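For reference, the structure is listed below as structure tokens.
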Amino acid sequence: MTRRHGGAHLPEPPHLVRSVGLDDAPFVRVRGGGAHLAGVVCCGTRFEGMVWGRLRQDGWDSTEVIARLLVGGKFLPQLHLVLLDGISFGGFNVVDLPALAARLSRPCVAVMRRAPDLAAVERVLQRLPDPRRRLRVLGRAGPVHARPPFHFQVAGGDPDEVAGALARLTDRGHVPEPLRLAHLIGAAVRLGESGRRA
């Protein structure tokens with residue numbers, strides 16, 4: 001059985017949730033440089049496939065890059081949920097969460113390891129071009145929902161339903177498996193081996 005909340009249509013147990021988790025690979029900070037983006041597709045917690053892209057450090061193309069990786073590809077029709085490791089990639093290339101959810105017609109969720117320090121974020125943004133625009137995009141992501149052990153923002157889905165899905169997608173620790181694998185694979189591709197933290 002499937003329930004619908006604000007555009008979400010997540011399958012209930014015993015049916016599995018298919019999701020993609022996106023995380024940026026390690027990068028060297030260079031003005032105008034790029035960063036790679038790993039996307040891991042899972043059915044439940046089982047690896048099923050992968051996408052790989054590139055975006056600009058502290059740029060404005062993260063939403064478009066993610067959309068291009070999925071729209072028209074073989075994975076999007078199967079997906080129930082899109083998971084992001086935070087709301088920005090490649091430094092502060094901020095994802096427009098509602099725009100991405102509308103483009104993909106899927107709930108999009110920015111998952112954080114802890115509640116963000118918004119004052120610290122604002123201080124960093126002041127050192128980048130067009131900080132007000134970045135703050136506007138950040139604000140569009142909506143409130144941070146605390147559903148221990150998860151903190152997340154969501155567009156296109158019901159927070160309680162999403163929290164349940166995150167728990168079902170987490171095999172170990174407090175990180176959903178698609179995001180954990182994206183982190184490990186991105187590090188291995190760029191550095192030659194995966195890191196300790198995932």
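These numbers come from a predicted model, not from an experiment.
When atom types are taken as modelled, the side chain of Asp24 and the backbone of Gly90 share a donor-acceptor pair closer than 3.5 angstrom. Judged by distance alone, with hydrogens and angles left aside, the side-chain atoms of Arg134 form a donor-acceptor pair with the main-chain N or O of Pro129 at under 3.5 Å. Although no hydrogens or angles enter the test, the distance criterion places no donor-acceptor pair under 3.5 Å between the side chain of Glu161 and the main chain of Gly157. No donor-acceptor pair closer than 3.5 Å links the side chain of Gln78 to the backbone N or O of Cys43. The backbone N or O of Arg31 lies less than 3.5 Å from no partner atom in the side chain of Gln57, so there is not a single donor-acceptor pair.
The list of side chain to side chain donor-acceptor pair (under 3.5 Å) pairs with a residue in residues 121-131, not counting sequence neighbours, is empty.
To the nearest 0.5 Å, atom CG of residue Asp85 and atom CE of residue Met112 are 10.0 Å apart. With rounding to the nearest 0.5 angstrom, the CZ atom of Arg113 is 8.0 Å from the CG atom of Leu179. To the nearest 0.5 Å, the span separating CG on Leu79 from SG on Cys108 amounts to 10.0 Å. In this structure, CG in Leu55 is found 8.0 Å from CZ in Phe89, a value given to the nearest 0.5 Å. If you take CZ on Arg46 and CG on Leu181, they are separated by 13.0 Å, rounding to the nearest 0.5 Å.
Side-chain contact between Val154 and His145 is present, with at least one heavy-atom pair separated by less than 4.5 Å. Contact of the Leu97 side chain with the Leu84 side chain is registered, since non-hydrogen atoms from C-beta on lie closer than 4.5 Å. Using a 4.5 Å heavy-atom threshold, the side chains of Arg106 and His80 count as separate. Side-chain contact between Trp52 and Leu37: absent, with no pair of heavy atoms (C-beta onward) separated by less than 4.5 Å. Between Cys42 and Arg18 there is no side-chain heavy-atom pair separated by less than 4.5 Å. Here the side chains of Leu138 and Leu125 are in contact, with some heavy-atom distance below 4.5 Å. Between Leu22 and Ile66, the closest side-chain pair of non-hydrogen atoms falls below 4.5 Å. By the 4.5 Å heavy-atom criterion applied to side chains, Val144 and Pro116 are counted as neighbours.
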Pair Asp96, Arg140 - check side-chain contact (heavy atoms from CB on, under 4.5 Å), show working.
CA-CA 7 Å; Asp96 188 329; Arg140 283 172 51 79; 3.0 Å; yes
Could you please spell out the steps behind the side-chain contact (heavy atoms from CB on, under 4.5 Å) verdict for Val20 and Val40?
CA-CA 5 Å; Val20 60; Val40 169; 5.9 Å; no
I'd like to know whether Val121 forms a side-chain contact (heavy atoms from CB on, under 4.5 Å) with Phe92, so could you lay out the CA-CA distance, the side-chain angles of the two residues, the decisive distance to 0.1 Å, and finally the verdict.
CA-CA 9 Å; Val121 170; Phe92 277 92; 3.9 Å; yes
Trace of the side-chain contact (heavy atoms from CB on, under 4.5 Å) decision for Leu169 with Val17
CA-CA 8 Å; Leu169 293 169; Val17 176; 4.2 Å; yes
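Heavy atoms only, all atoms of each residue included: Gln153 and Ala141 are closest at NE2-CB, 3.4 Å. Taking all atoms of both residues into account, the shortest heavy-atom contact from Phe152 to Arg147 is CE2-CG, 3.8 Å. Closest approach of Ser88 to Val94, counting heavy atoms only: CB-CA, 3.8 Å. Of all heavy-atom pairs spanning Gly156 and Pro107, the tightest one is O-CG, 3.5 Å. Nearest heavy atom pair, residue Arg168 against residue Thr45, reads O-CG2, 3.9 Å. Ala187 and Pro26 make their closest contact through CA-CD, 3.6 Å (heavy atoms, listed as atom of the first residue, atom of the second, distance).
There is no path of hydrophobic side-chain contacts, each under 4.5 Å, that joins Val137 to Val111. Under a hydrophobic clustering in which Ile, Leu, Val, Met, Phe, Trp and Tyr are joined whenever their side-chain heavy atoms come within less than 4.5 Å, directly or via other members, Leu83 and Leu10 fall into the same cluster. No path of Ile, Leu, Val, Met, Phe, Trp and Tyr side chains, each step under 4.5 Å between heavy atoms, connects Leu118 with Val124, placing them in separate hydrophobic clusters. Taken together through direct or relayed side-chain contacts under 4.5 Å among Ile, Leu, Val, Met, Phe, Trp and Tyr, Trp60 and Val65 form parts of separate hydrophobic clusters. Val189 and Phe47 fall within a single hydrophobic cluster, where Ile, Leu, Val, Met, Phe, Trp and Tyr side chains are chained together by heavy-atom contacts under 4.5 Å.
We find that Arg180 and Asp23 are not joined by a salt bridge, their nearest charged nitrogen and carboxylate oxygen being 4.0 Å or further apart. Salt bridge status for Arg172 with Glu177: absent, with no side-chain N to carboxylate O gap under 4.0 Å.
Atom NE2 of His174 has 12 or fewer neighbouring heavy atoms from other residues, nucleotides or ligands inside a 6.0 Å radius.
No hydrogens or angles considered: nothing links the side chains of Asp58 and Asn93 as a donor-acceptor pair under 3.5 Å.
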